[in-house]
Protein chains: 2
Amino acid sequence: MGAVRGRRVVRPTLEQVAVRAGVGRGTVSRVINGSPLVSDRTRAAVEAAVAELGYVPNRAARALAVGTTDAIALVVPEPQTRLFSEPYFSGILRGVSAELADTDMQLLLTLVRDQRERERFEQFVSAHRVDGVLLVSVHGDDPLPDLLESIEMPAVLNGRRSAEEPLAYVDSDNAGGAVLAVEHLIGRGRRAIGTITGPLDMYAAKCRLDGYREALRAAGREDDESLIAHGDFTEDSGRRAMRELLTRAPQVDAVFCASDVMAAGARMALREAGRTVPGEVALIGFDDSSVARHMDPPLTTVRQPIEEMGRAMARALLDEIGQRAADRPHAVLPTELIQRETT
Amino acid sequence: MGAVRGRRVVRPTLEQVAVRAGVGRGTVSRVINGSPLVSDRTRAAVEAAVAELGYVPNRAARALAVGTTDAIALVVPEPQTRLFSEPYFSGILRGVSAELADTDMQLLLTLVRDQRERERFEQFVSAHRVDGVLLVSVHGDDPLPDLLESIEMPAVLNGRRSAEEPLAYVDSDNAGGAVLAVEHLIGRGRRAIGTITGPLDMYAAKCRLDGYREALRAAGREDDESLIAHGDFTEDSGRRAMRELLTRAPQVDAVFCASDVMAAGARMALREAGRTVPGEVALIGFDDSSVARHMDPPLTTVRQPIEEMGRAMARALLDEIGQRAADRPHAVLPTELIQRETT
DNA sequence: TCAACGTGTGGGAGCGCTCCCAAAGCGCAC
DNA sequence: GTGCGCTTTGGGAGCGCTCCCACACGTTGA
């Protein structure tokens, strides 16, 4: 609990800079904050004093005075904590961090694992201890976004909860990525193209399935529900879904998996069944996660511009905080096919 | 640049709580901070008022008053930003976050990519904007630790820079892990056990090599320098080192690699050379990173208690900040053999 | 000449908290 | 009844900053 008493190291204050420069506090403050209402002479004098004294403003004092914290929180809820080890999370983090680099915003990282931590975070946010919040992949039923909205806390989601997401968000073009994947499969001459979906209560999973359907329809193929199996983004579910597909539609010669991890599971099922990849069955994933590169053979997949998404999220949040936002900004970034050896 | 003016939402202050509870400011402060010098009656009254008003203390104000920030920074320098996608980093993060969970410490994440960001961070730290710093794997020549020491900023390193690390640190038992690995290989009846080392100017790499030597010596085997090849922790260097080993010591029937990634490289070289794993050559890695699980066959490796390391780091830092530290606390945590299918 | 303006500048007030001194209240021994 | 010591309490001062009002200067126009 308690705040531990820290040693306090003496550092120059704005007041001291003012004395040194022979001006008033207000003037120094103006210079520090780049106000134009300062004469060049004075500004130079203040800047010299700042340099000599090695003055660095005290954030806490400023925060107290203006009611702003110059910090944003990046929240990672539990279900994602494992996803966390994926390049996905680190990509987002990188993008966010890069975008914040020439801002004086601080990035606060919060892992929300259980109910207690969730409450702590809610309290934290309610106390306006940050200027804004970045939410990594929320579930549709997560109450956090609504809380943020109710207290007017600027927030940007990574991914949408539904087609008409009321909050600001940055998403990748899931449907478009699926279309890319299926078109690629078609182009390779595959005839019976199946899919293993993610949990359909997640909007991203739904979009990927929609994209799959759309691409097939565009190619004039007729719907075949027996070629669609459902998973939940886990490896094990991918394996089971693939077995199901092999039983139900043994003619299947290509499968678009809504995640790389499920593709890894599918790969196993195919090996068990003695089917070669890509010889007999082509396989394509989604995410371009590290599994994809290390599979045998390496997995063709759909990459999302993850780092760019992180940047976009940070940018949108800063805009929202600065109220220079297009009301509820959002962006949907394009996906890209990474062709490896399973297709 | 500038701090953007944020909307300010009215929230109750300590003063208001005091009025509500019919007591003075000082008393409320005492209750909030758990001082024992408050009568039960008064405490109850204050707690009621706090609950009614939904009071949450203003951090900035407290920080300003006590000169403490209740935040620590986790710094990830560039060379590690890629390592970053590894479970390693997220494990540390998880451990740190878990340990901080019932503290009111905030975790600030800082990626230091280039010189500019480094300078920003140095200024940030010099301004005492955090109470302490956690450093993920520093290089021996990094000036940051010395800077931290000179400004008396509490800091804990992840890993040592040398055997006599002056700063507080948390490390895993690298030598011990290597011993485990080599003993395992010996137990499997392997005769010509080689190793692929990391860059020996890194202390961890040096320890792993020392452990390798120690285990062989303990088993009464004589030194054979031709069985030692050097890498730099990259996949490519592992591949090259393995080729070298195969040329120089074709009798090699087991290799301890100082990292999983190098083991993946070695695996490729073995495949090229037509050697089976584990039939002809047993392979063992270090780190238990995601590559290990996804290799074909899955790689036996040495796991570090990463999350526990994160926890230990946070604990050590909190102790240091609270000055309840055993002077320069440090911990070396045990490693563990994860047996899979390459041995 | 004077008023009316504009630009620069100083510094009081206040942000919400903690620290700490002084004082009130209480019991006890004399 | 008085004095002492303990516990409990109130509230002034101050942390370092920003905001903003007031004022000191020009400068301009009538």
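Each chain gets a letter, A, B and so on, in the order its sequence line appears, and its residues count up from 1.
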Asks: D/dT18 P sits how many Å from A/Arg59 CZ, rounded?
Replies: 11 Å
Asks: OP1 or OP2 of D/dG10 sitting under 4.0 Å from any side-chain N/O of B/Thr27?
Replies: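 Answer yes for this pair, as a side-chain N or O of B/Thr27 is under 4.0 Å from OP1 or OP2.
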Asks: Is the phosphate of C/dC19 approached by B/Ser29 (side-chain N or O, under 4.0 Å from OP1 or OP2)?
Replies: no
Asks: Could you walk me through whether B/Asn58 and B/Thr13 satisfy the side-chain contact (heavy atoms from CB on, under 4.5 Å) test, starting with their C-alpha distance in whole Å, then the side-chain angles of each, then the deciding distance to 0.1 Å, before giving a yes or no?
Replies: CA-CA 8 Å; B/Asn58 178 324; B/Thr13 70; over 6 Å; no
Asks: Evaluate the criterion side chain to side chain donor-acceptor pair (under 3.5 Å) for residue pair B/Ser97 and A/Arg113; output intermediate values, then yes/no.
Replies: CA-CA 10 Å; B/Ser97 156; A/Arg113 244 164 303 229; 2.4 Å; yes
Asks: Is the shortest side-chain N to carboxylate O distance from B/Asp102 to A/Arg116 below 4.0 Å?
Replies: yes
Asks: Among C/dG10, D/dC17, D/dT9, find the nucleotide with the atom closest to the side chain of A/Asn58.
Replies: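 Looking only at side-chain atoms, A/Asn58 lies closest to D/dC17.
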Asks: By side chain to side chain donor-acceptor pair (under 3.5 Å), which residues pair with B/Arg160, not counting sequence neighbours?
Replies: B/Asp171
Asks: Determine: side-chain N/O of B/Ser39 to OP1/OP2 of D/dT7, distance under 4.0 Å, yes or no.
Replies: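 Checking B/Ser39 against D/dT7: no side-chain N or O falls below 4.0 Å of OP1 or OP2.
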Asks: Rounded to whole Å, please give me the gap between CZ in A/Arg25 and C1' in D/dG16.
Replies: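 Value for this atom pair: 9 Å.
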Asks: Atom CG of A/Leu37 to atom P of D/dC23: distance rounded to whole Å?
Replies: 19 Å
Asks: Across the strands shown, which category fits B/Arg30 at heavy-atom distances under 4.0 angstrom: base, sugar-phosphate, nothing?
Replies: base
Asks: Please report the distance, rounded to the nearest Å, between CG in A/Asn33 and P in D/dC20.
Replies: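 After rounding, the gap between these two atoms is 13 Å.
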Asks: Could you tell me how far apart B/Leu14 (CG) and D/dG10 (C1') are, to the nearest whole angstrom?
Replies: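 In whole Å, D/dG10 C1' and B/Leu14 CG are 13 Å from each other.
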Asks: Please tell me if B/Arg62 has a side-chain N or O lying less than 4.0 Å from either OP1 or OP2 of C/dT18.
Replies: yes
Asks: Nearest-Å distance, CD (B/Glu15) to P (D/dG11)?
Replies: 9 Å
Asks: So do the side chains of B/Ile321 and B/Met105 get within less than 4.5 Å of each other, counting heavy atoms only?
Replies: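 Yes, close enough: below the 4.5 Å cut-off.
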Asks: For A/Ile32 and D/dC19, give me the distance from atom CD1 to atom C1', rounded to whole Å.
Replies: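 The answer, rounded to whole Å, is 16 Å.
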Asks: Do A/Arg11 and D/dG16 have a side chain to base donor-acceptor pair shorter than 3.5 Å?
Replies: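 No, the side chain and the base share no sub-3.5 Å donor-acceptor pair.
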Asks: In whole angstroms, how far is the P atom of D/dG14 from the CG atom of B/Leu64?
Replies: 14 Å
